[in-house]
Amino acid sequence: DGVGFVGDRGTEDPDADRAPVGTAQFVVKNDTGKYSPENAASPLSPNVVPRRRIRVRAYRDGVVYDVWKGYIVKYVPNPDHTQETCTILCEDGMGWLSNPDATIYAPTGAPLNNVKMGADPGPLDAILDAAVWPAADRDLNEGVDRVAQWSVSDRTPGNAIQDLMEMEMGLAWISKTGLFTFRDRHARLKGAGLVSQATFSDTMVGVEYEYGQESVINEVVVSGVERTAGASEYVWGLAEKGWLAPLETVEIWATLAKPVSGITTPEANVDYKGNQLEDGTGTDYTASISVVATQLGQSVKLEVTNNHATQSIWIRPGTSDPVETLRIRGTAYVEREVYQKLSDATSKTAYGRRARSFRAEFASNKARLRSQAQWILTSRKNPRALYPRLHLVNGSSALLTQILTRDVGDRITVTVTDLGITARDYHINKVEHRVSDGGTVHEATWWLEAVRLVAGVEPTYWRIGTSKIGAGTGARTQIGF
């Protein structure tokens, strides 16, 4: 039934920490109404609906190649007799995680402290758990940074992931097999990140890039939040009296103003009372009220139940406060903004002031913030090629194999004689496939990011606590962030 396919994943912007939503578009024959959602006679009915999973694979010489995986968003039938097709629009898992109506609260329990991004349990796992993302569909590096008092309340999973990636300076995307994939900032500086997996020497149908001052950053501010534990105190209270019918349970969400650990369930008589009358002059029914408190990140879910079979009960303030009821105690953290600012005078003279701010929300160590600022400044104070794109078409068996094999994160070597590019290494940041003419034409576009060079040479990076003085004699070395 297939007429054509276009699908992409990854990010074209090398400064993006989280890939945007990957998209796909299928055009299929629909002369019988097979893909028309309202056609009850369709052999696919009643399954022609949104949110169905969809997978694209290629079969070649007995080998199965995964190309794209995601979810159907909508169907657009075209009944014109010259067309009789249906266009099926799809998104990858980033669409699921970016749904503005699907906010989350995480983790279950107190904020996470001193754990790495991709640890199990860790922030990324907590986000994906809250988003009901299958555990089998995750491929996570452990990460480099450790978070300080991390939690998230009433935010989309995508935005919560963005906050973590901006701090880590890693990359998150959906793989061609549908896995949520996270690679930390060191992934391209070691192991497979140092090895080119394919070489392309004037075999592409086109190469293009942009080179200008917009790629320059010569003034950097990296900010974070310093969090210090205070004394145990009341961190929330409800300023309204409530009424519960017999055997009724109500759910109340308490949003805390700052990170809190060690919360306590509201105490009967002290933090709330139950009474027959609103003004508290009736019979005391506090013993008939039960409260269950569940901390979810920077929020607390209170489940308040009237266990009396026949008596309605008013929830009133306890002895701890004359106004508030259902009060919650905990250890609140005092927050203070911290930042580091660095600039390069030589670059400013050459290209003008080009400033940018970065946020490391869950980092507080000033030395760490300064290292991030230095890393950004060193790599961006001079112009570089932006959004280099490599265009390929299945003109040979070898090229088709590469089109089907390569993926986001892979390292390749490229020579383009006409552009003066000789054996230059790049990492793939985004992949786009275009299949047409009944599957006989398969084109690919790869958005690339050049491997970083210092004075024309790829440096050997030192990682504190791992690298040794004197290692890599004769090579250019640079402190890695």
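Here the structure is a predicted model, which means the values were calculated and not measured.
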(message) Run Thr181 and Asp139 through side chain to side chain donor-acceptor pair (under 3.5 Å) and show every step you take.
(response) CA-CA 5 Å; Thr181 307; Asp139 180 8; 4.6 Å; no

(message) Run Asp154 and Thr103 through side chain to side chain donor-acceptor pair (under 3.5 Å) and show every step you take.
(response) CA-CA 5 Å; Asp154 198 26; Thr103 56; 3.0 Å; yes

(message) Let me confirm one number: the CD-CD distance from Gln162 to Glu361, rounded to the nearest 0.5 Å.
(response) 13.0 Å

(message) For the backbone of Asp145 and the side chain of Glu168, can you confirm whether one donor and one acceptor N or O come within less than 3.5 Å of each other?
(response) yes

(request) Indicate whether the side chain of Thr417 and that of Asp202 have a donor and an acceptor atom separated by less than 3.5 Å. (result) yes

(message) Using only atom types and a distance under 3.5 Å, with no angle test, would you say the side chain of Asn113 pairs donor to acceptor with the backbone of Gln149?
(response) yes

(request) Return yes if some donor-acceptor pair links the side-chain N/O of Glu142 with the main-chain N/O of Val144 below 3.5 Å, else return no. (result) no

(message) Take a 6.0 Å sphere around CZ of Arg155 and say whether it holds more than 12 heavy atoms from other residues, nucleotides or ligands.
(response) yes

(message) salt bridge (Lys or Arg N to Asp or Glu O under 4.0 Å), that's the test. Do Glu219 and Arg356 meet it? Break it down for me.
(response) CA-CA 6 Å; Glu219 183 176 297; Arg356 181 160 174 184; over 6 Å; no

(message) Test your reading of the model: is there a side-chain donor-acceptor pair from Thr156 to the backbone of Asn99, 3.5 Å cut-off?
(response) no

(message) Please check this pair: side chain of Ser201 against backbone of Thr415, looking for a donor-acceptor N/O pair closer than 3.5 Å.
(response) no

(request) Run the salt-bridge test on Glu208 and Arg389 with the 4.0 Å N-O cut-off and return the result as yes or no. (result) yes

(request) Look at the side chain of Glu166 and the backbone N and O of Arg359, then say whether any donor-acceptor pair between them is shorter than 3.5 Å. (result) yes

(message) Checking the side chain of Arg138 only, and the main-chain atoms of Trp133 only, is there a donor and an acceptor separated by less than 3.5 Å?
(response) yes

(request) Apply side chain to side chain donor-acceptor pair (under 3.5 Å) to the pair Arg370 and Gln374, showing each step before the final yes or no. (result) CA-CA 6 Å; Arg370 185 175 182 85; Gln374 185 64 61; 5.4 Å; no

(request) Give a yes or no on whether the backbone of Gly352 and the side-chain of Asn218 come within a donor-acceptor separation of less than 3.5 Å. (result) yes

(request) With rounding to the nearest 0.5 Å, note down the distance linking CG in Leu112 to CG in Asp125. (result) 10.0 Å

(message) For the backbone of Asn114 and the side chain of Arg146, can you confirm whether one donor and one acceptor N or O come within less than 3.5 Å of each other?
(response) yes

(request) Indicate yes or no: at least one non-hydrogen side-chain atom of His433 is less than 4.5 angstrom from one of Ile403. (result) yes

(message) Does this structure show an ion pair linking Lys69 with Asp92, if we count only N-O contacts that are shorter than 4.0 Å?
(response) no

(message) Check this for me: does any side-chain nitrogen of one of Asp137 and Arg53 sit under 4.0 Å from a carboxylate oxygen of the other?
(response) yes

(request) Please report the shortest heavy-atom distance between Met169 and Ile376, naming the atom on each side. (result) CE-CG1, 3.7 Å

(message) Please determine whether salt bridge (Lys or Arg N to Asp or Glu O under 4.0 Å) holds for the pair Glu432 and Lys430, giving the CA-CA distance in whole Å, both sets of side-chain angles, and the decisive distance to 0.1 Å.
(response) CA-CA 7 Å; Glu432 180 185 80; Lys430 179 179 178 179; 5.5 Å; no

(message) Between Asp66 and Arg57 (salt bridge meaning N to carboxylate O under 4.0 Å), is one present in this structure?
(response) yes

(request) Could you tell me whether Arg354 and Glu214 make a salt bridge, using a distance below 4.0 angstrom between a side-chain N and a carboxylate O? (result) no

(request) Please test Glu226 against Lys366 for salt bridge (Lys or Arg N to Asp or Glu O under 4.0 Å), starting from the C-alpha separation and ending with a verdict. (result) CA-CA 9 Å; Glu226 184 179 77; Lys366 289 185 177 180; over 6 Å; no

(message) Main chain of Arg424, side chain of Thr413: is a donor-acceptor contact present, judged purely on distance under 3.5 Å?
(response) no

(request) Calculate, to the nearest 0.5 Å, the distance between atoms CZ and CH2 belonging to Arg327 and Trp236 respectively. (result) 11.0 Å

(message) In this structure, is the centre-to-centre distance between the rings of Trp68 and Phe5 below 6.0 Å?
(response) no

(request) Step by step, work out the side chain to side chain donor-acceptor pair (under 3.5 Å) result for Tyr234 and Asp271. (result) CA-CA 10 Å; Tyr234 281 105; Asp271 300 320; 2.6 Å; yes

(message) Please report whether the ring centroid of Tyr71 lies less than 6.0 Å from that of Trp96.
(response) yes

(message) Parallel, tilted or perpendicular: which one describes the rings of Trp446 and Phe200, with boundaries at 30° and 60°?
(response) perpendicular

(message) So which atom in Asp184 and which in Asn141 form the shortest heavy-atom distance, rounded to 0.1 Å?
(response) N-OD1, 3.1 Å

